[in-house]
2 protein chains.
Amino acid sequence: MNKSEIGKAIKQRRKFLRITQKELSEIVGLGLRSLIDMESGKGNSSIDQLQKVISALGLSITVKVKENE
Amino acid sequence: MNKSEIGKAIKQRRKFLRITQKELSEIVGLGLRSLIDMESGKGNSSIDQLQKVISALGLSITVKVKENE
DNA sequence: ATGAATTGTGCTTTATATTGCACATTTACT
DNA sequence: AGTAAATGTGCAATATAAAGCACAATTCAT
């Protein structure tokens, strides 16, 4: 998954949980602006930021050896 | 996986491929210092940095709904 | 259709990552 | 053990992300 796809996964999950960006940004303690950029794949957020959002949404991040496609 | 575990995965993979940190940093176009911090889980690198390293090592990053543990 | 909430953008300031350097420590080879 | 390569750390300069603001655009309910 690339940055943009990660953003989409976050957005999708957030919507599934029926949380607004503003709510999530407050829960996570992250600027609304940064969250918007993260979801749209525009910014270049830090791992810490990403982790906060991901864990708040009940998601997890995994690094593994790439499968052959 | 948290930041530190991701770093370990990177380090493990790099060693498996018998590449030095310096070599990898040059391949990826990333400062040696940053790579060291990334592997040891000390820094707080950006997604772009992380992605570069990960893809150079034939790894991939995935975000998915967290399993029940 | 319209009004309100939500999402998104340009700009600026502030906070923080990135980098290189010089040196310390650890690892690996003979 | 001795030496060279590899890995790691403190510090300073530079590059870039984070945040808030004001406003625009879109989405959503009534």
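Note on naming: letters A, B, ... go to the chains in the order of the sequence lines (proteins, then strands), and numbering restarts at 1 for each one.
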Under 6.0 Å from the CD atom of A/Q12, do we count more than 12 heavy atoms belonging to anything else shown?
-> no

Calculate the interatomic distance between B/I36 atom CD1 and C/dT27 atom C1'; express it in whole Å.
-> 14 Å

Test item: B/V28 and B/L35 side chains (from C-beta on) under 4.5 Å apart, heavy atoms = no

Check nucleotides 23-30 of chain D for protein N or O atoms closer than 3.5 Å to its own N or O atoms and list the pairs.
none

Using a heavy-atom distance cut-off of less than 4.0 Å, which residues of residues 54-61 of chain A contact DNA chain D?
-> none

Side chain to side chain contact (heavy atoms under 4.5 Å, CB included) partners of A/S40, counting only residues at least two apart | A/K42

When every non-hydrogen atom of B/A9 is compared with those of A/V63, the smallest separation belongs to CB-CG1, 4.4 Å

For A/R14, which residues count as a side chain to side chain contact (heavy atoms under 4.5 Å, CB included) partner, sequence neighbours excluded?
-> A/K11, A/I19, A/Q21, A/L24, A/E39, A/L57

Sequence-distant partners of A/E5, side chain to side chain contact (heavy atoms under 4.5 Å, CB included), two or more places apart = A/M1, A/N2

C/dG10 phosphate, OP1 or OP2, under 4.0 Å from A/K42 side-chain N/O = no

Looking at DNA chain C, which of residues 20-28 of chain A put a heavy atom within less than 4.0 Å of it?
-> A/T20, A/Q21

For the pair made of NZ in A/K3 and P in D/dT16, what is the distance, rounded to whole Å?
-> 13 Å

Taking atom P of D/dA6 as reference, at what distance in whole Å does atom CZ of B/R18 sit?
-> 13 Å

Mind checking what makes side-chain hydrogen bond (donor to acceptor under 3.5 Å, both in side chains) contact with A/K15, not counting sequence neighbours?
-> none

Taking only residues two or more places apart in sequence or in another chain, which ones pass side chain to side chain contact (heavy atoms under 4.5 Å, CB included) with B/D48?
-> A/K3, A/N44, B/S46

Distance, rounded to the nearest Å, where B/E39 contributes CD and D/dA6 contributes C1' = 12 Å

Can you sort out the partners of B/S60 under side-chain hydrogen bond (donor to acceptor under 3.5 Å, both in side chains), two or more places apart, ordered by chain and number?
-> none

Mark yes when over 12 heavy atoms from residues, nucleotides or ligands other than A/K52 sit less than 6.0 Å from its NZ; otherwise mark no.
-> yes

Residues in side-chain hydrogen bond (donor to acceptor under 3.5 Å, both in side chains) with B/E26, at least two apart?
-> B/K22

Using modelled atom types only, decide if a donor and an acceptor are shared between the side chain of B/S34 and the backbone of B/L30 within a distance under 3.5 Å.
-> no

Base-contact (B) and sugar-phosphate-only (S) positions in nucleotides 14-21 of chain C, heavy-atom cut-off under 4.0 Å, - elsewhere | ---SSBB-

Per-helix bend value, the helix from C/dA1-D/dT30 to C/dT30-D/dA1, C1' rotation axes over five pairs per end, 10° rounding, shows 80°

